[in-house]
2 protein chains.
Amino acid sequence: MVSRSGRSPSVTLADVASHAQVSLATASRVINGSTRQVQPDLRDRVLASSRLLGYVVDEQAQSMARGASQTVALVVGDIADPYFSAIAAGVSAAASRLRLTVIITTTGPGGLAEHEAVAALRPKRPLAILLAASRHLDSAGEELLLEELAGYEARGGRVSFIGADTGGSAARVVRVQNRAGARELARSLIHLGYTRFSILGGPSDLATARARVDGFAEGLASGGIAASSVEIVHGPLTRDGGHAAVLELQGLNHPGACVFAVTDVMAVGAMTALISQGRMPGRDIAVAGFDDIPLLQDVRPALTTVALPLFDIGVQALELALADPSPDSSSPEADDVRGVVRLRESTPPL
Amino acid sequence: MVSRSGRSPSVTLADVASHAQVSLATASRVINGSTRQVQPDLRDRVLASSRLLGYVVDEQAQSMARGASQTVALVVGDIADPYFSAIAAGVSAAASRLRLTVIITTTGPGGLAEHEAVAALRPKRPLAILLAASRHLDSAGEELLLEELAGYEARGGRVSFIGADTGGSAARVVRVQNRAGARELARSLIHLGYTRFSILGGPSDLATARARVDGFAEGLASGGIAASSVEIVHGPLTRDGGHAAVLELQGLNHPGACVFAVTDVMAVGAMTALISQGRMPGRDIAVAGFDDIPLLQDVRPALTTVALPLFDIGVQALELALADPSPDSSSPEADDVRGVVRLRESTPPL
DNA sequence: GGACAGCGGGAAAGCGCTTACCGGCAACCG
DNA sequence: CGGTTGCCGGTAAGCGCTTTCCCGCTGTCC
């Protein structure tokens, strides 16, 4: 039984070695298993001593000596957001399969900018940085981010983006077909008979949000809906953002009215707002979202959306970042992730 | 502009020092700010060189040299679960305020056991380990967990639990009044007129789940409901677990029937299952949960539950773990976290 | 039987940083 | 004016590991 009094200094490999009466080198070889063999008797002695002393390897020292870390970093907007947490779960699962540790940083609303998050991560020397936080298009921040990433990559760090691309970085991208998905959604909605659209567009400077808005607008245009008739409201990409934004919309009384929120999280907030106003989604007004976050299973009316394999996207982001540097020709980009339109109760055929 | 070709070796402090023509010690003092002063001219030279060379400190080396890490670890069951992700958000926020990095490990269903998670974390030498994963009562695992934690604490590591306590560890606990909360909920439900109760009890070997079941049962007993009339079904603590478990229940046709799920996540799954069976919660059958996870805002009918300040619990867990070793007398335990009963549409008065 | 490869143990040189400790110098005291 | 501080650079000893050498030993092959 270990005494539970004052913090005893850690047991080091050297302690184990001397207790086992072998050299440090031998102890190291036994404990971490190098290419070199160690005689059974010595090896047993080392193992025994290690167990007896309660030795725990110091990974910091190990990665220093080896010059390679076992950590990957994930940058998300808000870990409590179902979109990000689904991705994080994928990353986490993939990482644990590869025996990697994942450190999660939140940029949060009003928190760190993405380039600050990356700057804070660099000193930890992660193997890879995965950027899931929706990047702002703000050009200054963008510039700084690219600068940080360039420095990081120049030192051998791997980077992968989720969602939109960023020109000018060697980073790999899990490219999500936001634009195409939104376009298809728009077409489907027109096909159902909707004629009057409003968009909860999220922050106007967010790449992903913009791609979805643009795609949706394209789809509408291709279906003969005049852009001028489409109302767009911008606001935070959160549940409360959706809740608030939908209340600013004007043309909801129109018979063929349909609200598209660029994110399920917003759509869900919007539906609740509408209900509390006495308009039932799927009856008095149509609502559609994007992402197909897991919680949609339990929200009613069931929300029409564009389904994204969020968990897999997380897995892919990690694998992509760690993939071998492309054998020249084929760029290390995963196949694009396509969204599939799921029509549900919130947008019944008219 | 940095060339983006092959990975250049990292710039080290030594590089900066020699470029600035000062000693390594001076460079170190300038860059990390020690107690010692450095002459303005030297300091400027160092700063300039550092910037010019694109120096990024290596925190691994730093914590090795200093003997103190800047990391805390959080162990959760599943980061995609809203309960855990809400707590994680709190931890994350508190950590970033303290300039700490948080690494998140998932025990997951069928994944690592908790003691394995801790064992995997120890080599990383985190400042603290926060255990949010609902601990299994399985005595072997419990034993192993305590052993790991004892070793970790003996070397100066801090530990805090969220939820239930574990005897025999020096760990601090964010004590959640699961039992009392459930008891009060039961009383409230009886007061509303319900007479026939079923419980979705989660895994039977889970401390938190059990405390809630027991508390609820106590409340029922104190309200004169015979324990023998209460049906309990066990199953996974997930949305699907709740969905499946509720379908096994028998006595739901009774007029005063009410289902209590030990977790909102389960309750929400159960509600969906009931609806798909044609029983509307809040009309044909009452349902109550526990936690008040954020997504309840958008689930209908609004779910009766016991509200817990999840985000704050995360914050507290971190602060508690890092709090100064108690000045002897007062144990470093935060005030208990009380749950408050929130009666909503899913349990209308009869 | 001698040259030689192969094996496995140990000494020691780092990995990138921090921090005693030392020593030169200027200021300050009686 | 000698002695004592106090400042502030630099030198070097680690922090806990890994890994390159080096070296003695066996076994092998002509």
Side-chain angles (χ1 to χ4, degrees), chain A residues 7-47 49-50 53-71 122-127 155-156, chain B residues 7-47 49-50 53-71 122-127 155-156:
Chain A
R7 69 199 50 173
S8 49
S10 242
V11 178
T12 74
L13 229 210
D15 297 336
V16 174
S18 75
H19 182 273
Q21 316 241 50
V22 299
S23 75
L24 187 50
T26 301
S28 170
R29 296 200 257 255
V30 169
I31 299 240
N32 86 78
S34 78
T35 42
R36 301 264 310 251
Q37 293 285 317
V38 174
Q39 293 292 40
D41 54 334
L42 291 195
R43 126 174 258 98
D44 291 349
R45 286 221 308 270
V46 171
L47 257 20
S49 301
S50 159
L53 301 180
Y55 173 70
V56 174
V57 59
D58 185 325
E59 279 181 14
Q60 308 231 60
Q62 216 168 240
S63 13
M64 261 210 77
R66 292 214 255 248
S69 123
Q70 300 272 64
T71 307
R122 282 232 270 155
K124 308 187 190 311
R125 307 253 181 261
L127 231 46
R155 308 301 189 271
Chain B
R7 69 198 51 172
S8 48
S10 242
V11 177
T12 74
L13 229 209
D15 297 336
V16 174
S18 75
H19 182 274
Q21 316 241 53
V22 299
S23 75
L24 187 50
T26 301
S28 169
R29 297 198 258 254
V30 169
I31 298 239
N32 86 75
S34 77
T35 42
R36 301 259 314 245
Q37 294 284 320
V38 173
Q39 293 292 40
D41 54 334
L42 291 194
R43 123 174 261 99
D44 291 348
R45 286 222 308 271
V46 171
L47 258 19
S49 301
S50 158
L53 300 180
Y55 173 71
V56 174
V57 59
D58 184 326
E59 279 182 12
Q60 308 229 61
Q62 215 167 240
S63 14
M64 258 210 78
R66 293 213 255 245
S69 125
Q70 299 274 63
T71 307
R122 282 231 268 155
K124 308 188 190 309
R125 309 253 181 259
L127 229 49
R155 308 304 188 272

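Every value quoted in this text rests on a predicted model; they were computed, and no experiment measured them. Residue numbers begin at 1 in each chain, while the letters A, B, ... track the order of the sequences.
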Given DNA chain D, 5'-ward residue of the pair A/Ala14 and B/Ala27, judged by closest heavy atom: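 Checking each residue's closest nucleotide, the 5'-ward one belongs to B/Ala27.
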Indicate whether OP1 or OP2 belonging to C/dC17 is found under 4.0 Å from a side-chain N or O atom of B/Asn32.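 Negative; the distance criterion is not met.
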B/Thr26 vs D/dG10: side-chain N/O to OP1/OP2 distance below 4.0 Å: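 B/Thr26 to D/dG10 OP1/OP2: side-chain N or O found under 4.0 Å.
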Atom pair distance, as rounded to whole Å: [atom1] in [X] and [atom2] in [N]:
| X | N | atom1 | atom2 | result |
| --- | --- | --- | --- | --- |
| B/Gln37 | C/dT19 | CD | P | 16 Å |
| A/Arg125 | C/dG16 | CZ | C1' | 9 Å |
| B/Met64 | D/dA13 | CE | C1' | 13 Å |
| B/Gln62 | C/dC15 | CD | C1' | 15 Å |
| B/Arg29 | C/dA20 | CZ | P | 10 Å |
| A/Asp41 | C/dG8 | CG | P | 12 Å |
| B/Gln21 | D/dG10 | CD | P | 10 Å |
| A/Glu59 | D/dC15 | CD | P | 20 Å |

Sugar-phosphate only, base, or nothing, as touched by [X] at under 4.0 Å among non-hydrogen atoms:
| X | result |
| --- | --- |
| A/Ser28 | base |
| B/Leu42 | sugar-phosphate |
| B/Arg66 | sugar-phosphate |

Derivation and outcome, side chain to side chain contact (heavy atoms under 4.5 Å, CB included), residues A/Ser63 and A/Arg125: CA-CA 10 Å; A/Ser63 13; A/Arg125 307 253 181 261; over 6 Å; no
Which of the following nucleotides, [options], is nearest to the side chain of [X]?
| X | options | value |
| --- | --- | --- |
| B/Leu24 | C/dG9, C/dG14, C/dC17 | C/dC17 |
| A/Ala65 | D/dA12, C/dG9, D/dG16 | D/dG16 |
| B/Arg36 | C/dG16, D/dC8, C/dT19 | D/dC8 |
| A/Thr12 | C/dC17, C/dG16, D/dC17 | D/dC17 |
| A/Ala25 | C/dA12, D/dG16, D/dA12 | C/dA12 |

May I ask you to test the [X]-[Y] pair for a side-chain heavy-atom distance under 4.5 Å?
| X | Y | result |
| --- | --- | --- |
| A/Leu13 | A/Leu24 | yes |
| A/Met64 | B/Met64 | yes |
| B/His19 | B/Leu53 | yes |

By nearest heavy atom, map A/Ser23 and B/Gln60 onto DNA chain C; which one lands nearer the 5' end?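 Its nearest nucleotide being more 5', the pick is A/Ser23.
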Kindly determine whether A/Thr12 and A/Asp15 satisfy side chain to side chain contact (heavy atoms under 4.5 Å, CB included), including the steps that lead there. CA-CA 5 Å; A/Thr12 74; A/Asp15 297 336; 3.6 Å; yes
